[in-house]
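These notes are about the structure you will find just below.
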Amino acid sequence: MEKEYKALEVEEKWLKNWDERMYYFDWNSKKPHYIIDTPPPYPTGSFHIGHALNWCIIDFIARYKRMNGFEVMFPQGWDCHGLPTEVKVEEKYGIKKNEIDRAKFRELCINFTEENIKKMRATAKRLGFSIDWSKEYITMYPEYYKKTQISFVRMFKKGLIYRGYHPVIICPRCETTIALAEIEYRKGKTKLNYIKFSDDVVIATTRPELIPACVALAVNPSDKRYENLVGKSVRVPVGGHEVKIIADEAVDPNFGTGIVMICTFGDRQDVKWWKKHNLELRNIINRDGTLNELAGKYSGLKLSEARIKIIEDLKAQGRVLKQEEIENNVGVCWRCKTPVEIFPAEQWFVKVDKEKVIEMAKKIRWVPEYMLDRLIAWVESMEWDWVISRQRIFATPIPVWYCKNCGKIMVAEEEWLPVDPTKQKPPRNCECGSGEFEGEKDVLDTWMDSSITPLAIVGWPEPKEYPVSLRPQGHDIIRTWAFYTILRSSALVNEIPWKEIVINGIVFGEDGRKMSKSIGNVISPEEVIEKYGADALRQWAASGVIGEDLIFTWRDVVAGSRFQQKLWSVARFVLSHISDYEPKEEDIERLRIADRWIISKLNKLIAFVRENMEKYRFDEALKAIKGFVWYEFADNYIELVKGRLYSGLESNSAKFTLRYVLDRVIRLLAPIIPFITEEIWSKFEKDSVHVQSYPEVEEKFIDEDAEKVGEEMKEILSAIRKFKHDRGLALNAPLKKIIVFSLLDIDTLDLGFATNSEVELTRELPEMKEEVRKLKPKFQILGPMFKDRVKEIVRAVERLSTAEKLKLTKEPLIVTVDGDKVELKPEWFDFEIARTVEGVEAERIETQNSVVLVLC
RNA sequence: GGGCUCGUGGUCUAGUGGUUAUGACACCGCCUUCACACGGCGGAGGUCGAGGGUUCGAAUCCCUCCGAGCCCA
């Protein structure tokens, strides 16, 4: 074995040699199934570090479960549809989606996405994820979006999908609907106009051009000034129609006059009020940003023109009382910077049954638990149903036609799916007899695709089993992906989607801020892999507490890389000593104290690691393994048994132990660092480490007595190292003699080798003088017993004489506290006793349970 | 503005009622000993965000404030 561990070479080698079929999921397997509803990422082309964190966690779980005898399904999906791809494709080819053939545009999007998937797949493979590639799904392909369409049809038939009015955002210049994500906000100045509707009703508005769209006025219910107005009606100037005055808490009494005008629609708050108070819809704006006939004499004017004209007219009527300049945020189109307008249009909705979703969510086990609160808070604050239609192209088509003759809606039958209604006609005529249809041009929200992933991976509409075992995902998409999935699972099969949901945090840059291209703090997984390899990055990913956000730091990656070198060096040492050794039962009988000590500690480690892996606390598990390998096994155990190994004296017991420990440690680490563990495993075992079982605790090796003695030997060794260090001696410098006074069965053979000195153990403590050096009250006992008198008791104990303190170590002692006699018991205190031995010219070192005399 | 989370040596971090607060990185000294200098041994460094409360006892529980972050208005 080479001295240096070459992570990159080893990782490349195993990527080539591994047979990925060992990760394939078999429905017919008799093992218990463990199905993971993995997130399908949006194929942007780069698998970023946030994905890496998420996938590492999934892979730790998948590999751990596999080694524990589960048949694990780790599928990989790609959530393809959406606006960003449309935008990228427009940029790439210099086209506009509305100016070219829909089918052609869709094709360009598909090609673009396929390229991106290819790149991301490569990174996922390089990171060593145990993905079952035979279970890959791609939402833009007909096999998948057929399922999305079936889900639409079924929910429509159950009455869970309906059509209704909802605002869409349009850019009046581009004459197209745009998404919230496409709005930029600009700070600007505008005029707040105080407009008199009647003698006692004055409103303040920044949008006078919308007065003809006014459908109500609102005041805060606690506003004393307007108590008598609520419920009354008032005539709208320039519009001429009458509107009611209503009360609503959301009105800010301190803004303007405290009376606000509600229009359909000025902004998102108007939309809320419109829904909440069931107001009339009064749409005065056309898609091109001009006013329609509902605006009366202003019909045909552009909004900006209408604004001037309306203010002019109002001034002429003496209705404009005041105009003050204020700062505000205006939403503008990201492309042309024109202020956007809200425009009511017919949309498709999914009904949201809040109680049902919460009830379902509570049946799922949430890790960490508090993440459930986020979902509940979100659901409870929802103000309207889920709008699922989008005015876009690259998405799953809504399988619906409208009869050109009678206008009736025809929803596709399941047998007709998949279908694109803009290209295909329905196979039968409308009830009215007409065969002329207009296909639905709107398409489905991308979350309609991705909210059926747990169903899709088990073969729905003929699910092989359900619910699945686990959903791992980030907390940033609880409100979307987790919520929609629970909603859809409930609606489609009346069942929870998964038994458990594990939420991971998001990744920040080294500066503590969210990674973003504009800040320039983005680190790509490839960058890390090129320098330190996948295992090092995986160790960083394991260092996070589940649910909490994680900062990327090179420091952690480097620390991971160092641990790999340490593990490699340890393995190199162990393997060089066991190459010609076969474990034999009789060697167990001959195990010495140090062997039994380390094996016992290892078994306790196994219990601890299992417990934490079950809780998804990979940070705790890895930290414990690292600590064991580095500070127990390498620094102490190996140092203790080197003598036996080099001398050949009692060496088989050490060899048995080295092999036992290495075997367990490698298997414990395999889910987290699959490459280096495989490499080391291959040097002394056959088959892949990834098809082995996870180490089990062997109770017969848990040995408290040996641990006590082993810890003491470790302490003695450390004390002697410190002694040599203080004297300026080399650590391997021989000493004349070391005499250990101890009642424990210290192994003088190992300790002698390790200190390079003769070690003598003696039970007799000749002419030993004892003195209580420290006396620590055990407050856990004293607190409940004496309550507020504890301090007095402690003071009384401190006043005791040396002889009395020594007496208290062995028997109860009566002391006087505030005139009361109190009997103190030895078990209420921790004693630290100094033992001095006279007549010996030697350095005296004391450890917990021994006195060590060093003759040099 | 609402929901959730976090604030611990220089930096990052463990720690949900017990006195002397965990570890890592960085730092300082010593040691190139045959697994490892990406190492070993030793050392220095903290009023646990601020204030108040509960308690015999608070980093830990409660309240208020300050600061940071995420998601949503």
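Lettering follows sequence order; numbering is per chain, from 1.
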Could you check whether [X] gets within reach of a base, just the sugar-phosphate, or nothing at all, counting any heavy atom under 4.0 Å?
X: A:S718; value: sugar-phosphate
X: A:W630; value: sugar-phosphate
X: A:H577; value: nothing
X: A:K3; value: sugar-phosphate
X: A:A571; value: nothing
X: A:V545; value: sugar-phosphate
X: A:E639; value: base
X: A:F508; value: sugar-phosphate
X: A:I506; value: sugar-phosphate
X: A:Y370; value: sugar-phosphate
X: A:W378; value: sugar-phosphate
X: A:N756; value: nothing

Are A:K531 and A:W554 in a cation-pi setup, meaning NZ or CZ lies under 6.0 angstrom from the ring centre and within 45 degrees of the ring axis?
yes
Kindly confirm or rule out a cation-pi arrangement of A:R659 over A:F656, judged by NZ or CZ under 6.0 Å from the six-membered ring centre and within 45° of its axis?
no
Nucleotide of [options] approaching [X] most closely (side-chain heavy atoms):
X: A:K791; options: B:C70, B:A35, B:C56; answer: B:C56
X: A:Y646; options: B:A14, B:C38, B:C34; answer: B:C34
X: A:R562; options: B:A35, B:A14, B:C25; answer: B:C25

Which value, in whole Å, describes the distance between the P atoms of nucleotides B:C34 and B:A24?
25 Å
Considering only atom C1', compute the distance from B:U22 to B:C65 and round it to an integer number of Å.
30 Å
A:F633 and A:W630: aromatic ring centres closer than 6.0 Å?
no
In terms of the nearest nucleotide of RNA chain B, which residue is placed more toward the 5' end: A:Y631 or A:D549?
A:Y631
Ignoring hydrogens and geometry beyond distance, is the side chain of [X] in donor-acceptor contact with the base of [N] at under 3.5 Å?
X: A:R721; N: B:C41; answer: no
X: A:R555; N: B:U11; answer: yes
X: A:E4; N: B:C38; answer: yes
X: A:K566; N: B:C36; answer: yes

Applying a 3.5 angstrom cut-off to the pairing atoms, does RNA chain B sit in any stems of at least three consecutive Watson-Crick or G-U pairs? List them by first number.
B:1-7 with B:66-72, B:10-12 with B:23-25, B:27-31 with B:39-43, B:49-53 with B:61-65
If we only count heavy atoms from C-beta on, is the A:V797 to A:V815 side-chain gap below 4.5 Å?
no
Answer yes or no: is there a donor N or O on one side and an acceptor on the other, between the side chain of A:T677 and the main chain of A:I673, under 3.5 Å?
yes
Measure from CE on A:M785 to P on B:G18 and round the result to the nearest Å.
18 Å
